[in-house]
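Shown next, in structure tokens, is the structure this report addresses.
Any value given below was found using the heavy atoms of this structure, including those in side chains, with hydrogens, waters and symmetry copies removed. Keep in mind the model is a prediction, meaning the values are calculated, not measured. Naming convention: chains lettered A, B, ... in sequence-line order (proteins, then strands); numbering from 1 in each chain.
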Amino acid sequence: MPIISVESVTKIYNGGAVPVQALSGVSFSVEKGEFLSIVGPSGSGKTTLLNIIGGLDQPTSGNVVISGVEVTKVNPGELIDFRLNHIGFVFQAYNLIPVLTAYENVEFIMLLQKRSSKERKERAEFLLEAVGLKDKMHVRPSQLSGGQQQRVAVARALASNPAYVLADEPTANLDSVSAEQLLDLMEVLNHQHDTTFVFSTHDHRVIARAHRVITLRDGRIESDVLQEQKEVTK
Amino acid sequence: MMLKLAWRNLWRNKKRSGIIWTAMVVGLWSGLFASGIMLGMSDSMVRNAIDRDLGHVQFHLPSFTEDELLTQTIPDAHNVLENLRSKKEVASVTDRILIDAIAASSKTSGVVKLTGLDEIREKEVSTLDRHLINGNWLDDDLKSPAIVGKKLAEKLGLKLKSKLILSFQGFDGSVVYANFKVAGIIQTQSSVFDETHVWVRGNDLRKLTGRDDFTHEIVVKLNKSEQTDSLEKAWTGEFANLKVQSWKTLVPELKLTADLSGMMMSIFMGIILFALLFGVTNTMLMSVLERYREFGILMAVGMKPARLFQLILIETLILALSAGVFGTAFGLLTVHWFGLHGINLALFADGLASFGISSKLYTTIPPDMVWILALMIISTAIISAIYPGWKATRLKPVEAIRSL
Ligand SMILES: Nc1ncnc2c1ncn2[C@@H]1O[C@H](COP(=O)(O)OP(=O)(O)O)[C@@H](O)[C@H]1O
Ligand SMILES: [Mg+2]
């Protein structure tokens, strides 16, 4: 069974003067362990699609099933808990709470999940070590570089043991070296822990790293291809 | 964790938090200080009236309070006096004879309230003797000394040692004429009082009327003025044949003054807190709007709106209550300090004394006011959190995150 299944999803924004059709009849599914990139020019509907498969927004029509749950039918209150326990998020920038340290930012998610302090400590330390920031654990986001902040955001996204991680243009605000490092990290986590990643981008170097690439154009899937990968070495 | 987060969030914009915090502290401090002055003034007016001649509790024959007649004497007054003096709540007791009389000088005459005092005991109960501006108290060596108010002295053209003829109806209905000599002149804060009063020794009046043991009024001064109401009640039962009245019943206007300034203080503090309410709400609202995107991300990753509301509430409570505690503490300390040392009003205005207020003002705040104030501060804090908190919970994560 796929962990994400998108069936003929359409999204029309009615807020403005003219209704905007952001997605029209999008269907695909994602299996556990995929390393999938959603690409397309600006305005093609990437963010809209990620919001919908992240349970942050509802499609105008169509169906989204995540881990067997039809998220379009879950009430808003339960949807928050669903996101907390099933989905990890990495946004473009300013992901972290500025007044909390890297460690506390990661721990915060587990506090919302009401996990024990022992569990929180172990997992937060483990994840920060995994993203290579063990030494920066007790530092606030403002003292971290953009790339380091995004790595903390990845650690936070994984803290809740989610079914998959959604990242909307996670490298958009990074220089190419930091972008590479973030991709390396995500790839390693995907490879070693079988973590599913779905990320959007319009950066060609990032696209090249994805195992599968779905290209959107004007709210429709233009192509959906598997890419040959170089061997990942740790 | 929520506490830690709230606490650190308040330090994010030190200047903004600091300004509203200081405004609250200063607002409460100055409000309390002003209230302390206001209450101190009314307290001083009440105290002056009590000290001048009123005492805390007075005893009369029930019918005396309607017709002040010479014959309305308190039965068995001697025993009542002894009984009251033996009570531990009582500081001192004296008795007075009260007669409507006509005072005449060589020039002219006028209607007065003639009071016959116990010249020794009176000094323990009232401060009448301390209002002498000229001459001596009734323990003067003069034969039949009298003390008159300054205004009356002016009206009748009396000086020290001037002859004063007092006439009033005796027990048998015939008019008694008596010669007195002015021993002293008194000036109180009330010129009406000064124009209508003459004081002589009670025993001189007893000799004149031919009855040696009668009195109309017993005046009690208590050790603790707070016991006034409860003792008035208890003594009403104990002295069933007498009318027992506290200063509050005797001069309702005075009680009204005291009550009114208490109410004024509550309204005054209420207005200050109401203004602060808008300040705190505005500060918190600004801080919420600034963190719109941050809250959007928090809700996206799984924080419930109720939690977010809780966070804003905690932040507001920390801000407002800490300022509340500091402001109130400073205010009360100031009121306490000036309550002990007094504020020398002569420095500011000479005229105040003529309102019945002493030239040294002792600030005061009744203890139960502090609880009302605490309640008012807590509700202000909670109310000011509601709108910003609600605003935070209404945000849509998708929009908040897009609004980069
Ligand atoms: N809240 C909104 N209201 C109206 N139109 C929107 C809204 N959000 C996105 N759109 C429109 O939907 C289309 C897809 O946007 P988006 O999903 O952000 O694309 P991308 O992330 O690929 O740049 C765009 O034309 C955009 O203008
Ligand atoms: Mg986008």
Side-chain angles (χ1 to χ4, degrees), chain A residues 11 13 15 22 47-48 50-52 54-58 76-101 104-115 117 120 140-142 153 156-160 162 165-166 168-169 172-173, chain B residues 1-18 283-284 286-319 388-390 392-404:
Chain A
K11 178 71 182 180
Y13 289 109
T47 298
T48 305
L50 285 180
N51 283 343
I52 288 172
L56 289 168
D57 208 353
Q58 296 289 353
E78 287 169 19
L79 201 54
I80 296 179
D81 273 338
F82 185 83
R83 290 200 299 264
L84 175 63
N85 295 317
H86 295 268
I87 310 169
F89 291 91
V90 177
F91 299 98
Q92 195 172 321
Y94 307 112
N95 272 286
L96 307 173
I97 305 176
V99 294
L100 297 183
T101 63
E104 288 165 339
N105 263 286
V106 175
E107 189 193 16
F108 192 76
I109 296 294
M110 293 183 277
L111 270 162
L112 292 178
Q113 288 183 311
K114 302 195 168 69
R115 295 218 226 161
S117 65
R120 293 195 311 257
R140 290 202 190 179
S142 58
R156 183 190 63 182
L158 292 171
S160 62
V165 175
L166 289 178
D168 192 7
E169 308 212 25
N173 284 22
Chain B
M1 185 66 173
M2 291 298 262
L3 260 176
K4 183 160 74 182
L5 192 54
W7 175 253
R8 291 195 195 159
N9 278 331
L10 286 172
W11 286 96
R12 257 162 108 159
N13 196 329
K14 289 189 199 93
K15 208 189 238 168
R16 188 174 56 204
S17 303
T283 298
M284 290 314 295
M286 268 158 62
S287 126
V288 165
L289 294 179
E290 243 173 45
R291 288 182 282 167
Y292 213 60
R293 191 189 143 82
E294 188 177 323
F295 289 160
I297 286 177
L298 284 175
M299 272 165 88
V301 302
M303 189 160 171
K304 288 218 169 101
R307 273 277 171 138
L308 212 51
F309 187 91
Q310 196 192 344
L311 179 69
I312 310 293
L313 183 69
I314 296 174
E315 287 178 15
T316 315
L317 286 178
I318 294 178
L319 185 72
W390 176 80
T393 62
R394 299 292 300 173
L395 66 81
K396 300 249 181 323
V398 190
E399 285 161 24
I401 294 162
R402 262 188 206 273
S403 68
L404 180 62

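Between chain B and the residues A:P98, A:G54, A:P162, the largest count of heavy-atom pairs under 4.5 Å involves A:P98. Of the listed residues (B:K4, B:R307, B:R291), the one with the most heavy-atom contacts under 4.5 Å to chain A is B:K4.
Neither the backbone nor the side chain of B:K396 has a heavy atom closer than 4.5 Å to any heavy atom of chain A. Proximity to chain B is absent for every atom of A:Q113, based on heavy atoms less than 4.5 angstrom apart. In this structure, chain B has heavy atoms under 4.5 Å from both the backbone and the side chain of A:L56. Both the backbone and the side chain of A:T48 come within contact range of chain B, with heavy atoms under 4.5 Å apart. For A:L111, the part sitting under 4.5 Å from any heavy atom of chain B is the side chain, from C-beta outward, and nothing else.
Evaluation of the side-chain contact (heavy atoms from CB on, under 4.5 Å) rule for B:S17 yields B:L10, B:L319 as partners, not counting sequence neighbours.
Atom CG of A:N95 and atom CD1 of B:I401 lie 8.5 Å apart (nearest 0.5 Å).
Counting all heavy atoms, side chain and backbone alike, A:N51 lies closest to B:V398 at ND2-CG1, 3.1 Å.
Proximity to chain A among residues 297-306 of chain B is limited to B:I297, B:L298, B:M299, B:A300, B:V301, B:G302, B:M303, B:K304, B:P305, judged by heavy-atom separations below 4.5 angstrom.
Looking at heavy atoms from C-beta onward, B:M1 lies in side-chain contact with A:F108 at the 4.5 angstrom threshold.
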